[in-house]
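In the text below, chain A, chain B and the rest are named by the order of the sequence lines, each starting its count at 1.
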2 protein chains.
Amino acid sequence: MPARRQANGSSESIDNYLKAILTLGGPQEIRVTSTALAERLSVAPASITNMLQKLAAAERPLVEYERHRGVRLSSAGKKRALEVVRHHRLIETFLYQVLDYPIEEVHEEAERLEHFISERFEERIAAKLGHPQIDPHGHFIPTMEGHMPQQASIRLTEVLAGGTFVIHSVDDRDARTLRELEANGIKPGAKLKLKPRTPTEACSVNIGRSAKPFDLSRAMAADIRIVPVEKN
Amino acid sequence: MPARRQANGSSESIDNYLKAILTLGGPQEIRVTSTALAERLSVAPASITNMLQKLAAAERPLVEYERHRGVRLSSAGKKRALEVVRHHRLIETFLYQVLDYPIEEVHEEAERLEHFISERFEERIAAKLGHPQIDPHGHFIPTMEGHMPQQASIRLTEVLAGGTFVIHSVDDRDARTLRELEANGIKPGAKLKLKPRTPTEACSVNIGRSAKPFDLSRAMAADIRIVPVEKN
DNA sequence: TCCGATGTTTAGGTATACCTAATAAATAGG
DNA sequence: CCTATTTATTAGGTATACCTAAACATCGGA
Ligand SMILES: [Mn+2]
Ligand SMILES: [Mn+2]
Ligand SMILES: [Mn+2]
Ligand SMILES: [Mn+2]
């Protein structure tokens, strides 16, 4: 079936590949391996190779691909990926703020709709929301021109020394974890005191100004990104 | 490509077939011919036959189909069709009232999004709008349970006798005509005086309480449905 | 440096939803 | 009532996006 193609010669499937490459490539746009993509997209490695070859061979290629050496986005691919991420995060913000969705349900809906809204829809919800720069999980929303600030935050699990932090963002993909995080006051902007620990120990944190420490599960800790604060 | 399937074993394509059969079958649920469907969906007749056979052969068939004798919706098919029409009209109302879309642009966006929103999204926009019963073109919005009132209206082109009418609804599919209609004050609820005419004559109307008559183009007249009013 | 584990690609196949061209059924006109 | 036209179906083919299994590269150790 003629999978619905967007104007730019993209499709729902292609969009998802581009987004995955953007995310997995990270800020330095490291080459992404087939295995990493296969894992991320829950698709067989052979299917990944196929798609990457197609994307690289197109008239206006969306990726740079070399056999056995991974892929990177071309500038056209990066542009489209950021456009889709903008859609995703604007939709999440809209669902949360205008339609009163519970935080843990916005991601799934946005993951679908991001591929099907028009430029007008994008523009209208952005206007309705006052052109927001941050989504409900704390992630930056790319601008219409395709710019997105670097996240200066670090993973909570990478900090062993302890200290005081502000929560920058939470991962949006696992609804259960996200609901648990929110139920415990762990959301962007919240303050958090971390006890020093060894790599194998659980993370024990104080949220806000509560006196009793809270032990984060592995899943919860891995989904939190934080920024250090000077205490004053 | 695994065309996105909704929970009910439907898909964007199937949804559009079901909607077309609902509309073309009319209130009495007349059998719909392959040609009519081919025309409506801009798809080759052979493709229609193919799809109808598939839909009729399914475990839980969405249509009743007999070779050379057209199709009707099964009760499951009718249920789904009304669900999609509900999505469509709620989305149109939402785009118009909440996102301030121009009237002539809501249809195209709704035509796409109707297939991809969740039950939660449907429920949330319905709530936001106060559970509306009529969309911006004057069409009834099916209820959550799949009920939709009959339209008692008639086509403007069918009236030769003249008289005073209220505009019940306008067709939403042609953006240009719709914009023209709206620009001339022709929208649901507006009052309209029709001069008597012969079948070949153009329709000349007075809109609202304006004194100067307006000649409707064939396209415009065909897109208007009206209800007679007692003048008092 | 060769060897095997791991990762990647090729080869061949499926389902959806379209298409065109050829064929068959239904219907309408003489 | 029989044929010509219209309408519909069958047959065979395309593109997208997946899959599994088999073949092939790459790279880290021994
Ligand atoms: Mn998300
Ligand atoms: Mn997506
Ligand atoms: Mn519409
Ligand atoms: Mn549609």
**Asked** What is the distance from CG of A/Leu52 to C1' of C/dT9, rounded to the nearest Å?
**Response** 11 Å

**Prompt:** Considering only side-chain heavy atoms of A/Val43, which listed nucleotide, C/dT9, C/dC19, D/dC19, is closest?
**Reply:** D/dC19

**Request:** Would you mind telling me which of C/dC18, C/dA21, C/dT9 lies closest to the side-chain atoms of A/Tyr65?
**Result:** C/dT9

**Fill in**
Looking only at D/dA17, C/dT9, D/dT9, the nucleotide nearest the A/Gln53 side chain is C/dT9

**Asked** Between D/dT14 atom P and A/Lys54 atom NZ, what is the distance in whole Å?
**Response** 17 Å

**Item:** Rounded distance in Å - CD1 (B/Ile48) to P (C/dT20)
**Value:** 13 Å

**Asked** Which of the following nucleotides, D/dC18, D/dT9, D/dA21, is nearest to the side chain of A/Ala46?
**Response** D/dA21

**Message:** Classify B/Ser47 by what it touches in the nucleic acid, base, sugar-phosphate, or nothing, heavy-atom distance under 4.0 Å.
**Reply:** base

**Request:** Describe the nucleic acid contact of B/Thr49 in one word from base, sugar-phosphate, nothing, applying a heavy-atom distance below 4.0 Å.
**Result:** base

**Nearest-Å distance for atom pair CZ/C1', residues A/Arg67 and D/dC24** = 8 Å

**Message:** Nearest whole Å is fine: how far is C/dC18 C1' from B/Leu37 CG?
**Reply:** 15 Å

**Item:** With A/Glu29 via salt bridge (charged side-chain N to carboxylate O under 4.0 Å, His left out) - residues at least two apart
**Value:** A/Lys78

**Asked** Among the nucleotides D/dA17, C/dT10, D/dT9, which one has an atom lying closest to any side-chain atom of A/Met51?
**Response** D/dA17

**Request:** Please tell me which of B/Glu66 and A/His68 maps to the more 5' nucleotide of DNA chain D, matching each residue to the nucleotide holding its nearest heavy atom.
**Result:** B/Glu66

**Message:** Both A/Ser13 and A/Arg69 contact DNA chain D. Taking the nearest nucleotide for each, which residue is further toward the 5' end?
**Reply:** A/Ser13

**Message:** If the threshold is 4.0 Å, N to carboxylate O, is there a salt bridge linking B/Arg120 and A/Glu105?
**Reply:** yes

**Complete:** From CZ of A/Arg5 across to C1' of D/dA15 the rounded distance in Å is 9 Å

**Item:** Of the listed nucleotides D/dA17, C/dA17, C/dC18, the one nearest the side chain of B/Ile14
**Value:** C/dA17

**Message:** Ignoring hydrogens and geometry beyond distance, is a side-chain donor-acceptor pair present between B/Glu92 and B/His107 at under 3.5 Å?
**Reply:** yes

**Asked** Does A/Glu59 have any salt bridge (charged side-chain N to carboxylate O under 4.0 Å, His left out) partners at least two apart in sequence or in another chain, and if so, which?
**Response** none

**Asked** When the distance from CG of A/Asn50 to C1' of D/dA22 is rounded to whole Å, what number comes out?
**Response** 15 Å

**Item:** Whole angstrom value for the distance that separates C1' of C/dA17 from CG of B/Asn16
**Value:** 12 Å

**Request:** Report the relative orientation of the aromatic rings in A/Phe94 and B/Phe94; use parallel for angles under 30°, tilted for 30 to 60°, perpendicular for over 60°.
**Result:** perpendicular

**Prompt:** Between C/dG7 and A/Thr33, is there an OP1 or OP2 to side-chain N/O distance shorter than 4.0 Å?
**Reply:** no

